[in-house]
Number of protein chains: 2
Amino acid sequence: MEIEKIIQDKNLKLTSARKEILEIFLNSQKPLAYEDIKDKITMDKATFYRNISKFEDKAIVHSFESNDKKRYYEIQSTPHAHFICNNCNTIECLQDVINFEIKNHIVQDILIKGICEVCFLKRV
Amino acid sequence: MEIEKIIQDKNLKLTSARKEILEIFLNSQKPLAYEDIKDKITMDKATFYRNISKFEDKAIVHSFESNDKKRYYEIQSTPHAHFICNNCNTIECLQDVINFEIKNHIVQDILIKGICEVCFLKRV
DNA sequence: TTTTTAAATGCATCTAAGTCGCATTTAAGA
DNA sequence: TCTTAAATGCGACTTAGATGCATTTAAAAA
């Protein structure tokens, strides 16, 4: 099965905590923080953080900090930028590829912050 | 004097804490977090946070959260993007203007994250 | 299948940036 | 100089995430 293969291909032990986490992230269309999923998982938060961190080391998951002092995680797929609303903190994936180079730097992430459509239309 | 004028033009009381804060930020070439300046100021951290927050309301200062769960502040001047190193957390101002529009969104900030020149050359 | 053991887990505790309530102090207008 | 709303300092609080340690478990060896 897909999830089990991902874990074992990286030489990680196949535990139920890891399967639970991957299941959720593989089925999500947007980055999620611990708080977003804590009610859907049965493991302790320390276990979540240790595992998601290991997934990141193994390049299964990619993460970034948002506006709300929380770290958001998503399955590492095609690189894309994120839009973060400074008003409601919603995160959108921007699928149009932005090519951006800086000499002697490696660009890993592009975060655009501002006011999202919902808040914009409410004129906040 | 410059600093006093900035404060009074926004109808803020001219206090020594406010002068201290502005003095530091006007002389800095890059965004600073509380931790970066705490040894240079004499006020309590609550006072710092309350004032910087007021400066932000009054559009004297602009801020964003970085990688390290800290909020960075800078004097609001020409809009520019920032490069944040995922390895050493250093922040650079990118002066080349990046024009970026998203329909029905307001873009307020552009953060590029990755590996900075120093870390890149060290091959971290 | 059973044994072995390094890795994973749960629990409790800790850390650190930032916030808040409240008593005291101060800027600035009357 | 007096008055008062706003600003300050202090201590306590909040919250995402990290850590130490005893217990459990996956998976390789016997």
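Sequence lines set the chain letters: A, B, ... in the order given, protein chains first and strands last, and positions in each chain run from 1. What's counted below: heavy atoms across the whole structure, side chains too, no hydrogens, waters or symmetry copies.
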Does OP1 or OP2 of [N] have a side-chain N or O of [X] closer than 4.0 Å?
X: B:Arg71; N: C:dA17; value: no
X: B:Tyr49; N: C:dT19; value: no
X: B:Thr47; N: D:dG9; value: yes
X: B:Thr15; N: D:dT8; value: yes
X: B:Lys13; N: D:dT8; value: no
X: B:Asn51; N: D:dT8; value: yes

- Task: Measure distances between side-chain N and O atoms of B:Lys45 and base N and O atoms of C:dG18, and say whether any donor-acceptor pair falls under 3.5 Å.
- Result: yes
- Message: Looking at B:Arg50 and C:dG18, is any side-chain donor or acceptor paired with a base atom of the opposite kind under 3.5 Å?
- Response: no
How many whole angstroms separate atom [atom1] of [X] from atom [atom2] of [N]?
X: A:Glu20; N: C:dT9; atom1: CD; atom2: C1'; value: 12 Å
X: B:Glu56; N: C:dT19; atom1: CD; atom2: P; value: 10 Å
X: A:Ile41; N: D:dG17; atom1: CD1; atom2: P; value: 12 Å
X: A:Lys19; N: D:dA27; atom1: NZ; atom2: C1'; value: 13 Å
X: A:Leu12; N: D:dA28; atom1: CG; atom2: P; value: 13 Å
X: B:Asp68; N: C:dG18; atom1: CG; atom2: P; value: 8 Å
X: A:Leu22; N: C:dA8; atom1: CG; atom2: P; value: 14 Å
X: B:Asn11; N: D:dA7; atom1: CG; atom2: P; value: 11 Å

[X] (side chain) donor-acceptor with [Y] (main chain) under 3.5 angstrom:
X: B:Lys10; Y: B:Lys58; value: yes
X: B:His62; Y: B:Ile60; value: no
X: B:Glu74; Y: B:Phe25; value: no

- Item | Test log, rule ring pair (Phe, Tyr, Trp, His ring centres under 6.0 Å), inputs B:His105 and A:Phe120 | CA-CA 6 Å; B:His105 290 61; A:Phe120 177 71; 8.0 Å; no
Considering every strand and a 4.0 Å limit on heavy-atom distances, what is the contact class for [X]: base, sugar-phosphate, or nothing?
X: A:Lys70; answer: sugar-phosphate
X: B:Lys38; answer: nothing
X: B:Lys69; answer: sugar-phosphate
X: A:Ala33; answer: nothing

- Out of C:dA8, D:dC10, C:dA27, minimum distance to the side chain of B:Asp44 belongs to D:dC10
- Query: Do A:Asn86 and B:Asp109 get their side chains close enough for a donor-acceptor pair, meaning under 3.5 Å?
  - Reply: no
- 5'-most contact on DNA chain C: B:Ser16 or A:Ser16, nearest heavy atom basis? A:Ser16
- Item | Salt-bridge criterion met for B:Lys70 and B:Glu65 (N-O under 4.0 Å) | no
